[in-house]
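Chain naming here is simple, since letters A, B, ... match the order of the sequence lines and numbering starts at 1 in each.
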2 protein chains.
Amino acid sequence: MSRSRDAVHEILRQSAAFRSAQDIFTEMRADGSKIGLTTIYRALQALNDDGRVDVLRTDDGEAVYRACATSAHHHHLVCRGCGLTVEVDGPDVEVWAERVGAEHGFTAITHTVEVFGTCAACAKG
Amino acid sequence: MSRSRDAVHEILRQSAAFRSAQDIFTEMRADGSKIGLTTIYRALQALNDDGRVDVLRTDDGEAVYRACATSAHHHHLVCRGCGLTVEVDGPDVEVWAERVGAEHGFTAITHTVEVFGTCAACAKG
DNA sequence: AACCGTTTTGACAATCATTTTCATTTTCTG
DNA sequence: CAGAAAATGAAAATGATTGTCAAAACGGTT
Ligand SMILES: [Zn+2]
Ligand SMILES: [Zn+2]
Ligand SMILES: [Zn+2]
Ligand SMILES: [Zn+2]
């Protein structure tokens, strides 16, 4: 696994937004690549397994991926208009999640936190 | 829209966990109902539109629904083992989300926050 | 360079959740 | 009760994702 995986990874590196498999496929084909959609799905899976890309689900259940700058735990602020994404962290949220879990006798706490909004550029029109 | 929608709503009321359409379908059929899967999807959609049920996506993209006690904004603490769900709120998280959005020039901020863990019962085995 | 076992790739079929379609049934209104 | 409008269910259509499998690309070895 390498040729294609690197190509997919590179596409993600050059995008500030979360991208779907179809999305990436369309772009790569437009750029002249002969890559197959199946290969893209496999590359995204591998990259995610290796912790090199983050994944989240859109409201309609589609998986979208992003190559974040850090591999450390963090969250995202995503523009609903253009998809522009900023990596953010929230120490308070981490603490809160642990505490609320513990308060109810839950262990092995994890959490998902995503913030959405309209970025300044999209707000202008 | 009424007969079936109420039946589906009732199933959800009696469950502490988030349930999928298939899930509900299987239970209702087992109980002798002649309801169709399509009708369940439509009922869940309608209930969600009316703000009577919450929806979230499992890791594999399946939509699951829950009739929460409150219709006010809140979040969930979900057991990965049995699905037991507790409604929680986090004023700090609300503030944090707004602030992090504003700091980056984003407007119309919304957010998704879910906490997962293993409940006390499931932890025992 | 030719050889050979391993990995990767891509076209295509298969799955699975969800949505559409459409004819039938139920509900509502007068 | 008649007729219109809303709801229902079976089956087909969609769309994303995964599985299959034979062909192509790799890597190391003579
Ligand atoms: Zn934007
Ligand atoms: Zn976190
Ligand atoms: Zn549990
Ligand atoms: Zn909140």
* Got a sec, which pairs hit ring-ring contact (aromatic ring centres under 6.0 Å, His included) with one end in residues 32-74 of chain B, sequence neighbours left out? -> B:His73-B:His75, B:His73-B:His111, B:His74-B:His76
* Euclidean distance, atom CZ of residue A:Arg5 to atom P of D:dC26 [Å, nearest integer] -> 15 Å
* To do: Sorted by first residue and then second, give each salt bridge (Lys or Arg N to Asp or Glu O under 4.0 Å) pair with at least one member in residues 94-112 of chain A; sequence neighbours left out.
  => A:Arg99-A:Glu103
* Sequence neighbours left out, what passes side chain to side chain contact (heavy atoms under 4.5 Å, CB included) with A:Thr107? Give chain and number order. => B:Thr118, B:Ala123
* Structure fact -> Rounded to whole Å, CD1 of A:Ile40 lies from P of C:dT9 at a distance of 11 Å
* In whole angstroms, how far is the P atom of D:dT14 from the CG atom of A:Asp60? -> 17 Å
* To do: Please answer whether the main-chain N or O of B:Val64 pairs with a side-chain N or O of B:Arg57 as donor and acceptor at a distance below 3.5 Å.
  => no
* Output all residues satisfying side chain to side chain donor-acceptor pair (under 3.5 Å) with A:Gln22, sequence neighbours left out; order by chain, then residue number. => none
* Structure fact -> Per the under-4.0 Å heavy-atom filter, residues of residues 26-34 of chain B near DNA chain D come out as B:Arg29, B:Lys34
* Write down the distance between CZ (B:Phe25) and P (C:dC16), rounded to a whole number of angstrom. => 16 Å
* Structure fact -> Residue pairs meeting side-chain hydrogen bond (donor to acceptor under 3.5 Å, both in side chains), one or both in residues 83-92 of chain A, sequence neighbours left out, come to A:Arg66-A:Glu87
* **Contact state string [nucleotides 18-24 of chain C, B base, S sugar-phosphate only, - no protein heavy atom under 4.0 Å]** => BBBB---
* Tell me, please, which residues at least two apart from A:Thr110 pass side chain to side chain donor-acceptor pair (under 3.5 Å). => B:Arg80
* Whole-Å gap separating C1' (D:dT17) and CG (A:Asn48) -> 14 Å
* Between B:Ile35 (CD1) and C:dT26 (C1'), how many Å, whole number? -> 14 Å
* To do: Would you mind reading off the distance between A:Leu56 atom CG and D:dA16 atom C1', rounded to a whole angstrom?
  => 16 Å
* Could you tell me which residues satisfy salt bridge (Lys or Arg N to Asp or Glu O under 4.0 Å) with B:Arg52, sequence neighbours excluded, listed by chain and number? => B:Asp50
